[in-house]
Amino acid sequence: MNYLNELNPAQRAAVEQLDGPMMVIAGAGSGKTRVLTYRVAHLINNGVDPFSILSLTFTNKAAREMKSRIGTIVGESESRNIWMGTFHSIFARILRIEADHLNYPRNFTIYDTQDTKSLLSDIIKQMGLDPKVYKPGVVYSRISSAKNNLISPEAYLQNSDVLAEDHQTGKPKLGEIYLAYKQRCFKAGAMDFDDLLFNTNVLLRKFPDILHKYQHKFRYILVDEYQDTNFSQYLIVKQLAAAHQNICVVGDDAQSIYAFRGANIQNILNFKQDYPDFGQYKLEQNYRSTQTIVNAANSIIAKNKDQIQKEVWTDNDQGSQIVVHRSYSDNEEGKFVAENIFEISTRQKKHHKDFAILYRTNAQSRSFEEALRKLNLPYRIYGGLSFYQRKEIKDLLAYFRLSANHKDEEAFKRVINYPGRGIGKTTIEKLVIAAGDHNVSLWEVITNPGTYRTGVNNSTQAKLNDFATMISSFASELDKQPAYEMGHLIATSTGLLKNLYDDKSPEGVGRYENIQELLNGMKNFSDQNDPDNPDRIFSLSDFLIDVALLTDADADDDDDNKISLMTIHAAKGLEFPVVYVVGLEENLFPSQLSLNSREDLEEERRLFYVALTRAEEIATLSYATTRYRWGNLTHAEPSRFIEEIDPKFLSLPTTPTPKGYSMDFTAERNKFAARHANKPSQPSAPPPGMKRATPSAANPIEASDANLIQPGNQVMHERFGKGKVLTVEGDPANKKATVFFPKVGQKQLLLRFAKLQILD
DNA sequence: TGGAATGATGTTTTT
DNA sequence: CATCATTCCA
């Protein structure tokens, strides 16, 4: 049990302060997770009851991993009982327990962004407002930021500053929408993501005995990624910690990248005021990256004004320079990265999982997917359209939700006529009007047609009755059956599964498979064991509790060995031996929308800092000079962030950046060539008087050249020098050659991108 | 009522 | 370029 010996003095000090408030400022790669893990283990080894430890993490996956690591030190039977998870999942759990205090049903639904937006556009329509002025997305973010600052609709409508602002932006009705939205959510027994935090605050403030209960339950509180907490989260933590003051927050101001969703650096500063006698620890030694990477990252972040002084350093090797690569188009960029990955993985014997491609926006993933697929390289995309947001998954989940909570309006509207059962727009409109008039739920209306006089005809009402009977029958079994059995029953008896099965289009097959995958997941879920209660059934209700808060990052990896593609936001907290930060162009990264204020730009810079510090050994920065953006070819300038790195850490592209028309033209030409790339075609000739720029980068090898290479040829390789081709094998698209190089020996090369020149 | 066809409209980043 | 939403027709 000498885990303490595995820590450096600063880390150890942070682990050994058991009681009282403390803040750990942890530079990138400084062993933050290790400190948190060992600290919790240390608490337990010093007699602290796991049940009284609350540990708030940024993702559920981080929580799971940390828990299992703690389990290896103190034993699984102990670690199991720690309250560890994201703010959202922990407080959703508490809200379920205390729901009746807030007059919410215990099995309240959690609305995701889609549900929320659809409800908002419904409200906007009903209020007779112009949806072009009141765009659901904009309205949502306004409401969201109000909630994160704990401004209720009532307070919103009385706040003259806020109202004046809305007036100025031409949206004076925002407050009323907010109020209506809150009422509709309440009526539907639903909370959105922000409500989980907002309502926890309400709960703790309105009911002192409940606050007292949790204050004494959670005698030790730890918060990870503290720099990314918002006011609402700050206040929850502050209230819970007030009694015992055993609060440990860990964060890095340089990695704060969630200001857009209300995260507030101020929370770190508040900490000093709230707990004047706090212990402060700075972890400054980086164990993750090479000196080059650490120092390059330092040279960027130094450009930010807002930061806490610290000096991240490392003992690691110097490592190689950071390669900056220029491509002529987004597709070329994809190709370059894919080929580079192939080369490094074969040459340096790296696993695919050692590689990550990080981008600013999800939309950028496409060119990389295509390029990786062409080379048969396995990859996994995190984020984007997550599994749980796919239509077919949401449809099935909507049945689950409606069975658990009949008032769930969004779920109701989603499935009332899917699969089609002859209940159309007109009927639904009538139902909605009746529900609105009597201030009851849609479910209430269809189950009591006599009371609410909907005006639907008898045959339609019969269909509604059938629907209601079906849902009720699910509801009565909900807690009695294991989740999988129930899920399967619902998928079949609603006709949803058959409906997808009958669709033989490729998309339809994919959807069917997705449903199967969801059901498989549920099988795993219901097969688990509760050691404390072997008879426990893991029901569909249990499954629903956390499904709304699951994200792609939480999905089981099945230890698969794949290249990771994700946004930089999603990469937070992760590390990879080889990292490509791509799309480093002005107006993309930094984003166009961030150029208006210093604060926003600094957040982008921190984001870049996060991206670069994910890399352990090799970091590559990449940009394209042209890129397709919403269908048009646009010209792009390299990102200012590249210039901001001290050039001594960089290996820059050698040829000068060509500008103007000729460039766009080249890209167009490459695009054309790419379209015909599969059939061996003549390399498109450069226009007269224009030399093809850096053929190696733009076009590693012409397809026709690859086909010409034969055993016996003398060839030239960029790095290996002269060599002789011994054998050529494989199908035309994937020809492999064995080449003997006098300098380095025998090599296997994939002709498609080994940069071979035929000499004879 | 349902489906297909057409047109507008939008790209940060996430629980 | 995609997706969505609305509209139009059977």
Side-chain angles (χ1 to χ4, degrees), chain A residues 56-63 85-92 110-114 116-118 121 125 131-132 135-138 140-141 144 147-148 191-198 225 228-230 232-233 256-263 330 358-367 382-386 388-389 391 417-429 456-457 459-460 463 546-554 566-573 583 587-595 600-601 603-604 606-608 610-611 627-634:
Chain A
L56 297 163
T57 58
F58 203 69
T59 63
N60 291 305
K61 191 183 176 195
T86 62
F87 271 91
H88 293 271
S89 61
I90 293 281
F91 295 112
I110 297 173
Y111 275 176
D112 67 11
T113 312
Q114 270 180 50
T116 296
K117 284 188 186 165
S118 124
S121 40
K125 216 182 294 167
K132 281 178 191 131
K135 291 177 189 156
V138 175
Y140 178 37
S141 68
S144 172
K147 281 185 187 165
N148 287 330
M191 298 192 197
D192 67 18
F193 293 133
D194 303 313
D195 286 332
L196 296 175
L197 306 175
F198 186 96
E225 309 282 9
D228 284 326
T229 53
N230 59 36
S232 185
Q233 293 167 321
S256 157
I257 54 175
Y258 280 94
F260 71 92
R261 102 181 184 205
D330 39 7
L358 307 181
Y359 35 76
R360 179 68 237 270
T361 65
N362 281 306
Q364 285 166 258
S365 69
R366 186 190 219 107
S367 60
Y382 294 79
L385 229 211
S386 101
Y388 299 99
Q389 285 166 20
K391 185 189 172 303
N417 196 34
Y418 180 80
R421 44 178 76 85
I423 299 166
K425 251 192 327 234
T426 331
T427 307
I428 294 170
E429 240 157 63
V456 303
N457 63 42
S459 73
T460 310
K463 291 174 193 162
D546 22 52
V547 78
L549 297 172
L550 286 181
T551 62
D552 259 16
D554 297 319
M566 63 183 94
T567 63
I568 299 161
H569 284 89
K572 182 165 137 140
N587 297 333
L588 179 60
F589 191 17
S591 147
Q592 197 162 13
L593 295 141
S594 73
L595 300 178
D600 288 352
L601 185 61
E603 174 146 322
E604 293 283 305
R606 290 192 297 268
L607 193 57
F608 183 51
V610 169
R627 176 177 297 277
Y628 272 87
R629 292 247 249 170
W630 44 89
N632 306 309
L633 189 71
T634 54

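So that the names make sense, note that chain A is the first sequence line, chain B the second, and so on, each numbered from 1. Quick note: numbers below take in every heavy atom, side chains included, and nothing from hydrogens, waters or symmetry partners.
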Item to check | Arg366(A) side-chain proximity, nearest of dG2(B), dT15(B), dA2(C) | outcome: dA2(C)
Checklist entry - Distance check: side-chain N/O of Ser89(A) vs OP1/OP2 of dT15(B), anything under 4.0 Å? => result no
Checklist entry - Starting at the 5' end of DNA chain B and moving along, which residue's nearest nucleotide shows up first, Tyr258(A) or Gly420(A)? => result Gly420(A)
Checklist entry - Going by atom types alone, do Thr86(A) and Ser89(A) pair a side-chain donor with an acceptor below 3.5 Å? => result yes
Checklist entry - Between dC1(C) atom C1' and Leu633(A) atom CG, what is the distance in whole Å? => result 13 Å
Checklist outcome for this item: Between NZ of Lys425(A) and C1' of dA5(C) the distance, given in whole Å, is 11 Å
Checklist entry - For Asn417(A), which contact category applies under a 4.0 Å heavy-atom criterion: base, sugar-phosphate, or nothing? => result sugar-phosphate
Checklist outcome for this item: Atom OH of Tyr111(A) and atom P of dT14(B) are separated, to the nearest Å, by 24 Å
Enumerate the protein-to-nucleotides 10-12 of chain B contacts in which both atoms are nitrogen or oxygen and the separation is below 3.5 Å.
{"from": "dG10(B)", "atom 1": "OP1", "to": "Lys135(A)", "atom 2": "NZ", "distance (Å)": "3.2"}
{"from": "dT12(B)", "atom 1": "O2", "to": "Arg360(A)", "atom 2": "NH1", "distance (Å)": "2.5"}
{"from": "dT12(B)", "atom 1": "O2", "to": "Arg360(A)", "atom 2": "NH2", "distance (Å)": "2.0"}

Item to check | Side-chain heavy atoms of Thr361(A) within contact of Thr567(A), under 4.5 Å | outcome: no
Checklist entry - Roughly how many Å is it from OH in Tyr418(A) to C1' in dG2(B), rounded to a whole number? => result 15 Å
Item to check | By side chain to side chain contact (heavy atoms under 4.5 Å, CB included) - contacts of Asn457(A) (at least two apart) | outcome: Ser459(A), Thr460(A)
Checklist entry - Looking only at side-chain N and O atoms, does Thr113(A) come under 4.0 Å of OP1 or OP2 in dT14(B)? => result no
Checklist entry - Atom CZ of Arg606(A) and atom P of dT13(B): how far apart are they, to the nearest Å? => result 18 Å
Checklist entry - Is the side chain of Asn632(A) donor-acceptor paired with the backbone N or O of Thr634(A) at a distance under 3.5 Å, no angle test? => result no
Checklist entry - At under 4.0 Å between heavy atoms, what does Lys132(A) touch on the DNA or RNA strands: base, sugar-phosphate, or nothing? => result sugar-phosphate
Item to check | Nearest-Å distance for atom pair NE2/P, residues His88(A) and dT14(B) | outcome: 13 Å
Next on the checklist: What is the separation between atom OH on Tyr382(A) and atom P on dT13(B), rounded to the nearest whole Å?
Outcome noted: 18 Å
Item to check | Backbone of Val138(A) reached by a side-chain donor or acceptor of Ser141(A) within 3.5 Å | outcome: yes
Checklist outcome for this item: With the side chain defined as heavy atoms from C-beta on, Thr567(A) is closest, among dT14(B), dG2(B), dT1(B), to dT14(B)
Checklist entry - Are the side chains of Arg629(A) and Leu588(A) in touch, meaning some heavy atoms are under 4.5 Å apart? => result yes
Checklist entry - Checking all strands, does Ile423(A) fall into the base, sugar-phosphate, or nothing category for heavy-atom contacts under 4.0 angstrom? => result sugar-phosphate
Next on the checklist: Whole angstroms only, please: what is the CZ-P distance between Arg421(A) and dG3(B)?
Outcome noted: 13 Å
Next on the checklist: Nearest 0.5 angstrom please: Leu595(A) CG to Asn587(A) CG, how far?
Outcome noted: 6.0 Å
Item to check | Same-atom distance (P) from dT13(B) to dC4(C), integer angstrom | outcome: 15 Å
